[in-house]
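Report on the structure given below.
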Amino acid sequence: MYKWLLCWRYLRTRYLALACIVSVMLGVATLIVVNSVMEGFATKLRQRLRGIQADILVEARSHDGFPGVEEKIARVQQLLGDRIVAVTPVIETFAMLQFRYQHVGEVITRPVRLIGIDTSSHAQTSDFARHLLNPYFQSNPEECFRLLGAARERYERLRDWIADDTESQSYQAPSGLPPPEPPAATEASSPFTAVLGYGIATYRNPQARATDQHKDVFLLVPGDSVQLTMVTRSDLPGHDGTQGYPRPVTASFVISDLFRCEMSEYDASLVFVDIRDVQRLRAMPNRATSLHIRLRDYDGDARQAVELLRQHFHPALYAVQTWEDKQGPLLAAISIERGILNILLFLIIAVAGFGILAIFFMIVVEKTRDIGILKALGASSRGVMGIFLSYGLALGLVGAGLGTVLGVAITVYINELEQWLARWTGQEVFPRDVYYFDRIPTDLQMHSVLLVNLGALAIAVGASVFPALRAAALQPVRALRYE
């Protein structure tokens, strides 16, 4: 009992101990906040990556894809049986997108990734529908390439506007939006349509503040037209019958909706079109560049399914991998960064440990006579050692407890704190144009908080071991003679 009484007295009277408590508190709070934010980013990133891609991808190594799509799908269904939910063909290629922005009178050209999808099955293999802006298309993704409502009206108005010179002089875009290049004369009743990435159709207003509700400026909206240029298959014969070569082909597409997954890399590069339109334009009938497969039990069946598919799809022609294999470098980089950051941040607590070590040595020197008196009154060496170890444990418990409360509070209210800092400093602390996240993602893991606390306690107790051993080794007679 006397051990804890002495520890409590030293804890209240030794103000140097307050510095150690604050160091431990700040170290624990920092680790909890950083781990929660990084775990939140990693979780959201994994959800976005998995939502965009299917569980397993069978990709052709050739840009021309592979023939016999229906036969390939039937083979996959035969091999995997009831383990799959859906299989869908996909054509992925690079393209150049072009449109005229009337506000500045310039033609904007940018490279994009063109994704040809089968609307009847693609939504079953990914979270494509969840990222569409139109609520109707979210529940009816098979119709996402139809021009509905305001998009149809805008398309027809632009088409009539280009046909009537008089009207074209007085036309004003609705809601102040600029009229882009009107659609080319494909089939007026059913033009080529596309779902555009949100980052392609918008840009972040550089003068927008973090508290502003609308931060994005629209360059394009559903109903507007864009030009897409892609290349045909490379094995098509030339006009003179010589060796085949790819040829550029350009077509006008009308935007039916926007796609927003809150990852700038995808929102600013992806354009989705109907796979039949791509097959027609690129001269790829019944061909695709990949098959996307969704499993019923990804964790249990993924590895076995990949190995089975690799036996039936020649590795020189096809790459069979899970979405984690495809995104392996990115996921591994996040894991390594988090591990290194945890090690560096633990040095903050290690600094507090050295402070505890220094303070305890001072106490041993200052209280040498008192230690001798305790030993003369019957205190054992183990009891004296227990005083200092208990003192270190008490410092660790108080610091870790306060740090946990502070860290959890900051994690829970981090977005409110970020908005307050943005208003106070006038600068956006969390730039949303990187990920297009509206809020800082956090994921508070209790086992991570527990590990941080255990690490802090271990450092606090470990720093007090050497001074405790020195105090326990003092001889009562020598200690009483100490001045």
Side-chain angles (χ1 to χ4, degrees), residues 52 88-101 107-123 126 128-134 136-138 140-159 177 179-203 218-232 248-261 265-282 284 288-289 292:
I52 294 171
T88 185
V90 173
I91 293 179
E92 182 172 348
T93 185
F94 291 100
M96 296 299 294
L97 180 141
Q98 188 178 73
F99 64 94
R100 183 179 297 278
Y101 187 46
V107 174
I108 298 177
T109 303
R110 57 188 303 172
V112 295
R113 287 169 56 190
L114 189 66
I115 313 293
I117 62 173
D118 182 358
T119 55
S120 63
S121 57
H122 187 73
S126 68
F128 169 75
R130 188 160 60 93
H131 301 312
L132 297 173
L133 260 61
N134 191 324
Y136 177 78
F137 291 148
Q138 291 178 2
N140 301 275
E142 67 279 358
E143 300 184 32
C144 67
F145 293 126
R146 289 180 56 194
L147 293 177
L148 302 177
R152 168 63 68 176
E153 293 176 4
R154 182 171 174 82
Y155 163 67
E156 292 177 349
R157 188 157 46 234
L158 288 171
R159 187 186 58 191
L177 291 170
E181 187 75 12
T186 53
E187 295 181 58
S189 57
S190 56
F192 289 137
T193 54
V195 173
L196 219 62
Y198 187 83
I200 302 174
T202 66
Y203 70 90
F218 281 83
L219 301 172
L220 297 164
V221 293
D224 292 341
S225 174
V226 297
Q227 302 289 326
L228 285 171
T229 302
M230 62 202 84
V231 295
T232 60
V249 57
T250 301
S252 179
F253 284 78
V254 182
I255 302 171
S256 61
D257 197 16
L258 300 180
F259 173 88
R260 185 180 188 182
C261 68
E265 179 183 354
Y266 294 103
D267 287 343
S269 64
L270 296 186
V271 176
F272 295 89
V273 299
D274 193 297
I275 191 172
R276 291 179 290 272
D277 294 339
V278 185
Q279 289 174 335
R280 173 184 168 188
L281 292 170
R282 294 194 62 205
M284 296 177 61
T289 58
H292 290 200

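In this structure the side chain of Ile115 reaches within 4.5 angstrom of the side chain of Val90, judged on heavy atoms. Taking the side chain as every heavy atom from C-beta outward, Thr289 and Thr93 never approach each other to under 4.5 Å. Between Glu143 and Tyr136, some side-chain heavy-atom pair lies under the 4.5 Å cut-off. A 4.5 Å side-chain heavy-atom check between Met230 and Phe94 finds every atom pair outside the cut-off. Side-chain atoms of Asp224 and Phe218, non-hydrogen and from C-beta on, never get closer than 4.5 Å to each other. In this structure the side chain of Phe137 reaches within 4.5 angstrom of the side chain of Leu148, judged on heavy atoms. Contact annotation: the side chain of Thr229 never approaches that of Gln98 to less than 4.5 Å [non-hydrogen atoms, C-beta and beyond].
More than 12 non-hydrogen atoms from other residues, nucleotides or ligands lie less than 6.0 angstrom from CZ of Arg110.
The two residues Leu258 and Pro222 make their nearest non-hydrogen contact at CG-CD, 4.5 Å. The heavy-atom pair separating Phe145 from Val273 by the smallest distance is CZ-C, 3.3 Å. Looking at every heavy atom in both residues, Ile255 comes nearest to Ala151 through O-CB, 4.4 Å. When all heavy atoms of Asp267 and Phe259 are compared, the closest pair comes out as OD1-O, 3.6 Å. Between Ser225 and Leu220, the shortest heavy-atom distance links the atoms O-CD2, 4.5 Å. Contact detail for Ile275 and Gly116: the closest heavy-atom pair is CB-C, 3.8 Å.
Side-chain atoms of Asp277 do not come within 3.5 Å of backbone N or O of Phe192 as any donor-acceptor pair. Here the side chain of Ser256 pairs a donor or acceptor atom with the backbone of Cys144 at under 3.5 angstrom.
Atoms CG and OG1, from Leu219 and Thr202 in turn, are 7.0 Å apart once rounded to the nearest 0.5 Å. Taken to the nearest 0.5 Å, the CZ atom of Arg260 stands 14.5 Å off from the CG atom of Leu270. Interatomic distance, CD of Gln227 versus OG1 of Thr109, reported as 10.5 Å (0.5 Å rounding). Put simply, CD on Gln279 and CG on Asp274 are 8.5 Å apart, with the number rounded to the nearest 0.5 Å. Distance check, rounded to the nearest 0.5 Å: CG of Leu196 to CZ of Phe253 gives 11.0 Å.
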| task | Mind running side-chain contact (heavy atoms from CB on, under 4.5 Å) on Val112 and Leu228 for me, showing each step along the way? | result | CA-CA 9 Å; Val112 295; Leu228 285 171; 4.2 Å; yes
| task | Could you go through the side-chain hydrogen bond (donor to acceptor under 3.5 Å, both in side chains) check for Ser120 and Glu142 one step at a time? | result | CA-CA 5 Å; Ser120 63; Glu142 67 279 358; over 6 Å; no
| request: Evaluate the side-chain contact (heavy atoms from CB on, under 4.5 Å) criterion for residues Met284 and Thr232: first the C-alpha distance (whole Å), next the side-chain angles of each, then the deciding distance (0.1 Å), finally the verdict. | output: CA-CA 8 Å; Met284 296 177 61; Thr232 60; over 6 Å; no
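Ring-plane geometry between His122 and Phe128 is classed as perpendicular, the angle between the planes exceeding 60 degrees on a 0 to 90 degree scale with a lower cut at 30.
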